[in-house]
Amino acid sequence: MKKITLISASFILASSTFAQTLQDAITKTDNERYAAAASDFRALIAKEAAKGDNYFYYGENFFKKGDLDSANMYYQKGAELNATYPLNYVGLGKVLWYNGKTTEAKALFYKASVALGANKNTEVMRKTAETYINSDNKNLDEAMTLLNAAIKIEPKNAENYLLMGDALLEKNPTEGGPAIKQYDKFSELNPKSPKGILRAGKLYQRGRNYQLALDLYKKAQDLDPTYAPAYREKAELYHLAGQKANAVESYKKYLELNNSDEARERYAAFVFNNKQYAEAITEIEKLQGAGNTNLYLDRYLGYSYAELGNKTDTAAYRKGLNAISKFFDKSSRVANFKYVGTDYKYKGILLAKTGKDSLGIVEMEKAAEMDPKLAGDITNEIAKSYMKSKRYDKAIATYEKKMAGDPKNLSGQDYFEMGRAYYFGPKDFVKSDSCFSKVTQSIPTFATAYFWRGKANVQQDLKNEKWLAKPHYEKALTLVKPEERAGVKLNVIEASEYLGYYYLVMKDNAKAKEYFTIVKDLDPNNKKQIEFFKSPAGK
């Protein structure tokens, strides 16, 4: 079953009573209460099996939730049972248009509008315009021409103005005033509908006027408490504001109105985007446990396990790789499936985390090539994989590529890792020290960077002719409180041994004893401190 991919989402619960009229069912579709609407449409078709509009609007119910195949089936059935009803041809054209078959689609739009509608059917005009506005293959000028024609014929139909607002906003996204006027006109003509209010709220949200947007979403809810999109948009707004608890609460209200598998799939994607990875995993595994085999669940399950890591589940990366592998297996059997960069990013990360570093790097490089916006994060992951597999020259080349001639392109963490790569790989201790120096400049309280500067300088002065490591080890030890020494035990011992030896050579036995005491406290079996305290200097 082909679906339009939906990343963000949110929905609520209402009664599942059968519609008394077709309009009741259509309203439920508009309210994103797809399961309740479907029940109503089935009841209507059972009563009036030959009415073309029942099939068209049932098809719309599927189309709006992203199920194009089922939508097409009902449009086709409606056209077969009532060949003179024009809207089912618009529906068939919509599916073709969304699949990139614009020439075939236009032929069906023409049949619906001219041959059957005599250029007078305003619903045909609106539904065709809606296709031009909302699809990837936009034709906004033609959409506005159709809507102006519809307004001329039917100036009191509020839906004309709602779509005109959408078209104007798509035409000029930076100028919201004309669209707001159209949405206000819709609300004036149809004051009982929250759709115009919600559209205005979304526009203000896009303009970052969050408080006004929130006020409008609440107004839409007050006008119609069963209007699920208002809860979904409010959840998205809270997500943007970093109010995770409010975001999830609003989404759960949305689910009360639309507790379908599709809604819960979208909720799982929402909590993933909300960085609530454990919650996303729980939701997805519940759906899969109930028999849901949607490949997008495997996608987000893999993503979530990759982000969660092995912190709370020691097998998280393995489970994540299993999920993302299932996703790629299922999607490979879908014609013309469109992958996104994050698919390869997370597959690469999961491969690397489970010991398949080389394969992981290949996948991550695919991700960076497909989506340059991911390149920064992916470069770090690639470099980590090279470091893990001790391919230090490759790690250095990766950081050099990220730097691209401008040192500001690398973070302190990048320089730290590159310093380690120079230390272990080509053993260029001057460049290693230079990298750690960059870290101390950007993070002057990061003791570990000073310890590593000490290590790099020891290697540049193996005979201790200049005692190059001394100032760096001294600085590192001043940044580590006595109660914190156990946490960086090996570094503290190494630095203290070096400084103890320095002061022993300088014949400052008291100072030497101070540093060897630090070593003794951390490791009573350390041979160097034992030898020191046995010696006359130590006594």
Side-chain angles (χ1 to χ4, degrees), residues 1-4 19 21-23 25-30 34 37-38 40-42 44-154 157 159-160 162-164 166-167 170:
M1 182 178 288
K2 182 173 181 179
K3 289 194 174 185
I4 302 171
T21 66
L22 177 62
Q23 185 55 51
I26 293 170
T27 298
K28 287 179 181 176
T29 296
D30 288 342
Y34 301 120
D40 291 351
F41 284 120
R42 288 192 294 271
L44 287 165
I45 288 170
K47 292 176 184 176
E48 300 174 295
K51 285 195 69 175
D53 51 0
N54 288 339
Y55 293 93
F56 172 73
Y57 288 105
Y58 193 14
E60 289 290 271
N61 192 61
F62 284 108
F63 192 95
K64 289 184 177 181
K65 70 175 183 176
D67 186 349
L68 271 64
D69 284 350
S70 295
N72 194 71
M73 181 177 71
Y74 281 95
Y75 298 145
Q76 185 65 49
K77 186 71 173 175
E80 290 170 1
L81 291 173
N82 190 339
T84 60
Y85 182 73
L87 278 174
N88 282 305
Y89 298 103
V90 176
L92 292 167
K94 281 202 319 180
V95 175
L96 289 168
W97 187 273
Y98 270 73
N99 283 321
K101 298 177 181 179
T102 55
T103 301
E104 297 96 318
K106 281 190 173 182
L108 287 169
F109 293 154
Y110 180 85
K111 179 175 182 176
S113 179
V114 179
L116 296 174
N119 283 326
K120 292 180 180 179
N121 189 317
T122 58
E123 185 70 344
V124 167
M125 296 174 187
R126 282 188 292 273
K127 289 297 180 180
T128 306
E130 186 178 56
T131 304
Y132 292 147
I133 294 166
N134 294 332
S135 66
D136 291 336
N137 303 312
K138 297 187 187 302
N139 189 343
L140 299 172
D141 290 336
E142 181 62 23
M144 286 189 277
T145 298
L146 287 168
L147 292 170
N148 280 321
I151 289 170
K152 189 173 181 180
I153 296 169
E154 203 175 16
N157 189 307
E159 297 294 328
N160 294 328
L162 193 71
L163 289 169
M164 183 63 83
D166 293 346
E170 288 289 340

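Along the sequence shown, the residues carry numbers beginning at 1.
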Residues two or more places apart in sequence or in another chain: which of them pass side-chain hydrogen bond (donor to acceptor under 3.5 Å, both in side chains) with Y74? none
Does the side chain to side chain contact (heavy atoms under 4.5 Å, CB included) test come out yes or no for N139 and K106, once each step is laid out? CA-CA 12 Å; N139 189 343; K106 281 190 173 182; 4.3 Å; yes
Parallel, tilted or perpendicular, as decided by the 30° and 60° cut-offs, for the rings of Y58 and F41: parallel
Other residues, nucleotides and ligands only: do more than 12 of their heavy atoms fall within 6.0 Å of CG on D136? no
Quick check against the 3.5 Å criterion: does S135 have a side-chain atom that pairs as donor or acceptor with the backbone of T131? yes
Member of K94, K65, K28 meeting the salt bridge (charged side-chain N to carboxylate O under 4.0 Å, His left out) criterion with E60: K94
Would the distance check show the side chain of N157 and the main-chain N or O of E159 forming a donor-acceptor pair, the cut-off being under 3.5 Å? yes
How about T84 and N82: does a side-chain donor come under 3.5 Å of a side-chain acceptor? yes
Determine whether L87 and D53 make a side-chain contact, defined as any pair of heavy atoms from C-beta on separated by less than 4.5 Å. no
Is the backbone of Y132 close enough, under 3.5 Å, to the side chain of K138 for a donor and an acceptor to pair up by distance? no
Do I26 and D30 touch side chain to side chain, with heavy atoms closer than 4.5 Å? yes
If the threshold is 4.0 Å, N to carboxylate O, is there a salt bridge linking R126 and E154? yes
What is the distance from atom OG1 of T145 to atom CG of L140, rounded to the nearest 0.5 Å? 10.5 Å
Donor-acceptor pair between Y55 and Q76 side chains, under 3.5 angstrom: no
Under the side chain to side chain contact (heavy atoms under 4.5 Å, CB included) criterion, do N148 and K152 qualify, and how do the steps go? CA-CA 6 Å; N148 280 321; K152 189 173 181 180; over 6 Å; no
State whether the side chain of N121 and the backbone N or O of L116 hold a donor-acceptor pair below 3.5 Å, judged by distance alone. no
Between the CZ atom in F109 and the CG atom in L96, the distance rounded to the nearest 0.5 Å is 8.0 Å
Is any side-chain heavy atom of N54 closer than 4.5 Å to one of L81? no
Do the side chain of N88 and the main chain of F56 share a donor and acceptor less than 3.5 angstrom apart? yes
Would you check, one step at a time, whether the test side chain to side chain contact (heavy atoms under 4.5 Å, CB included) holds for Y98 with N134? CA-CA 9 Å; Y98 270 73; N134 294 332; 3.5 Å; yes
Using modelled atom types and a 3.5 Å cut-off, is there a donor and acceptor pairing between side-chain atoms of N99 and backbone atoms of V95? yes
Can you tell me how far CG of L108 sits from OG1 of T103, rounded to the nearest 0.5 angstrom? 11.5 Å
